[in-house]
Amino acid sequence: MKRPHAKRSLGQNFLVDPTYIQRIISAVNPHDGDTIVEIGPGQGALTRPLVESGAKVILLELDREFAAELGSEFQENSKVTVIETDASKVDFGELLGDQQAKLVANLPYNVSTAILQQLCLRRSYFTEMVLMFQREVVERIAAVPGSSERGFLTVLVERYLDVQHLFDVPPAAFRPRPKVTSSVARIVPREAAAGSDDEFRRLISWAFAQKRKTILNNLKGVYGDAAEKLEASGIEPGRRAETLSLDDWELLLKSLKTG
Ligand code: SAM
């Protein structure tokens with residue numbers, strides 16, 4: 001493949017170390033019969049072993065040049081589809097129909113939040129995901145109650161996805177080298193929680209609107225009976241949103257829904 005210049009705006013740091021490429025592929029464990037969606041294939045480091053497994057592979061790449069290069073590299077292979085698109089805007093329902101897929105991605109920092117939010121809501125299309133992020137994104141989504149890193153994304157992801165940190169990847173494994181360490185995580189959708197996705201999302205988005213404020217101050221403008229409902233859920237209204245566990249959120253959601 002011709003090598004277009006890496007574009008910083010698209011987070012293009014390409015994985016070149018064969019050991020880490022192999023570790024990610026082993027985590028995905030691709031097989032003939034699988035459908036695998038890869039976001040951001042770039043120069044194809046992960047793509048080629050995925051294709052060699054005999055799996056059906058759908059590539060979503062925003063960079064026109066890489067999409068074109070991959071399209072011509074795999075034009076003879078009817079199991080490979082290349083789509084030039086912004087993966088954070090893809091409707092996975094439309095893309096996959098009634099088939100379920102594995103998802104693989106080495107995600108650039110600027111789209112990882114948007115894509116994770118999208119995956120929470122579209123989780124039913126994926127059996128599992130092997131994703132690489134900047135290590136700080138994995139730390140943020142794994143932040144426990146009480147940690148200042150715990151935020152909207154942490155709670156959203158905790159409700160819908162089970163995240164297992166597999167291993168770190170050092171900057172030296174990429175060209176060009178990023179400034180920070182990356183982490184690979186295996187992410188498996190959880191059983192659907194009770195209560196609607198929209199209501200839950202709305203609640204936590206208001207509750208974390210101003211992280212330094214108490215939960216009551218964040219919620220009282222939106223839910224007139226916020227103080228009562230917090231008390232009824234056993235949550236002291238002077239706490240900050242980052243101190244609540246997922247069970248606290250579920251209780252609060254239930255309480256807000258009952259009149
Ligand atoms: N998978 C390759 C690897 O591991 O070497 C490339 C990884 S590079 C960190 C990120 C890739 O995602 C680039 O190819 C970039 O063009 C692509 N990309 C960036 N934003 C994207 C988006 N919103 N949708 C789809 N692809 C995107």
Side-chain angles (χ1 to χ4, degrees), residues 1-28 30 36-53 55 57-74 80-96 101-122 125-126 129-138 153 166-187:
M1 179 189 280
K2 272 192 277 143
R3 301 270 157 113
H5 281 301
K7 298 188 184 74
R8 287 241 312 256
S9 62
L10 293 181
Q12 292 181 346
N13 300 97
F14 301 105
L15 193 57
V16 292
D17 184 324
T19 307
Y20 288 102
I21 294 172
Q22 188 47 49
R23 287 183 77 180
I24 293 173
I25 295 301
S26 301
V28 179
I36 302 179
V37 175
E38 185 187 1
I39 296 177
Q43 296 179 341
L46 299 171
T47 316
R48 288 182 200 98
L50 294 176
V51 172
E52 278 159 21
S53 73
V57 180
I58 303 172
L59 305 170
L60 309 177
E61 173 57 63
L62 182 56
D63 186 304
R64 172 164 301 178
E65 286 174 275
F66 283 127
E69 290 285 345
L70 291 161
S72 59
E73 179 172 345
F74 295 114
V80 181
T81 308
V82 184
I83 305 174
E84 184 196 320
T85 185
D86 178 347
S88 64
K89 306 214 165 89
V90 165
D91 179 338
F92 289 109
E94 215 167 88
L95 182 72
L96 293 167
K102 292 179 177 174
L103 180 70
V104 182
N106 168 7
L107 288 175
Y109 184 69
N110 53 352
V111 291
S112 46
T113 304
I115 287 184
L116 266 171
Q117 288 192 44
Q118 162 92 325
L119 293 176
C120 285
L121 301 174
R122 299 282 173 252
Y125 293 104
F126 298 101
M129 319 173 198
V130 174
L131 305 183
M132 175 145 65
F133 303 100
Q134 283 193 8
R135 189 166 61 188
E136 63 177 274
V137 175
V138 176
L153 189 64
L166 296 181
F167 52 87
D168 287 344
V169 186
F174 300 89
R175 294 288 177 280
R177 289 183 185 207
K179 291 202 176 68
V180 295
T181 297
S182 300
S183 294
V184 176
R186 181 193 306 286
I187 301 184

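Every heavy atom of this structure was used, including side-chain atoms; hydrogens, water molecules and symmetry mates were not. First listed ligand is number 1; within each ligand, the first listed atom is number 1. From a predicted model like this one, the values you see are computed outputs, not experimental measurements.
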**Ligand-residue contact atoms, ligand 1 with Thr85, heavy atoms, under 4.0 Å** =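 Answer for ligand 1: 24 (N), 25 (C).
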
**Fill in**
Any heavy atom of Ile115 under 4.0 Å from ligand 1? The part involved is neither

Any side-chain heavy atom of [X] sitting closer than 4.5 Å to one from [Y]?
| X | Y | value |
| --- | --- | --- |
| Val37 | Leu96 | yes |
| Ile24 | Phe167 | yes |
| Phe126 | Ile187 | no |

**Message:** Measuring from atom 1 (N) of ligand 1, which candidate in Ala105, Gly11, Gly40 has the nearest non-hydrogen atom?
**Reply:** Gly40

**Selected option - heavy-atom contact closest to atom 14 (O) of ligand 1, from Lys7, Glu38, Glu61** = Glu61

**Item:** Close N or O approach (Asp86, ligand 1; < 3.5 Å)
**Value:**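 So ligand 1 has an N or O lying under 3.5 Å from an N or O of Asp86.
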
**Asked** ligand 1 and Leu15, any nitrogen or oxygen pair closer than 3.5 angstrom?
**Response**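 The answer is yes, given that Leu15 and ligand 1 share an N or O pair closer than 3.5 Å.
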
[atom] [closest protein heavy-atom partner, distance rounded to 0.1 Å]:
| atom | answer |
| --- | --- |
| atom 20 (N) of ligand 1 | Pro108 CG, 3.8 Å |
| atom 7 (C) of ligand 1 | Asn106 ND2, 3.3 Å |
| atom 24 (N) of ligand 1 | Ala87 N, 2.9 Å |
| atom 27 (C) of ligand 1 | Leu62 CB, 3.7 Å |
| atom 13 (C) of ligand 1 | Gln12 CG, 3.7 Å |
| atom 2 (C) of ligand 1 | Pro41 O, 3.3 Å |

With rounding to the nearest 0.5 Å, note down the distance linking [atom1] in [X] to [atom2] in [Y].
| X | Y | atom1 | atom2 | answer |
| --- | --- | --- | --- | --- |
| Arg23 | Leu15 | CZ | CG | 11.5 Å |
| Glu38 | Ile58 | CD | CD1 | 12.0 Å |
| Ile39 | Ile83 | CD1 | CD1 | 11.0 Å |
| Gln43 | Asp63 | CD | CG | 10.0 Å |

**Prompt:** Would you say the side-chain atoms of Gln117 and Thr113 include a donor-acceptor pair closer than 3.5 Å?
**Reply:**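 Side chains of Gln117 and Thr113: no pair found under 3.5 Å.
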
**Message:** I'd like to know whether ligand 1 has Val16 as a neighbour, heavy-atom separation below 4.0 Å.
**Reply:**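 Outside the 4.0 Å threshold, so no.
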
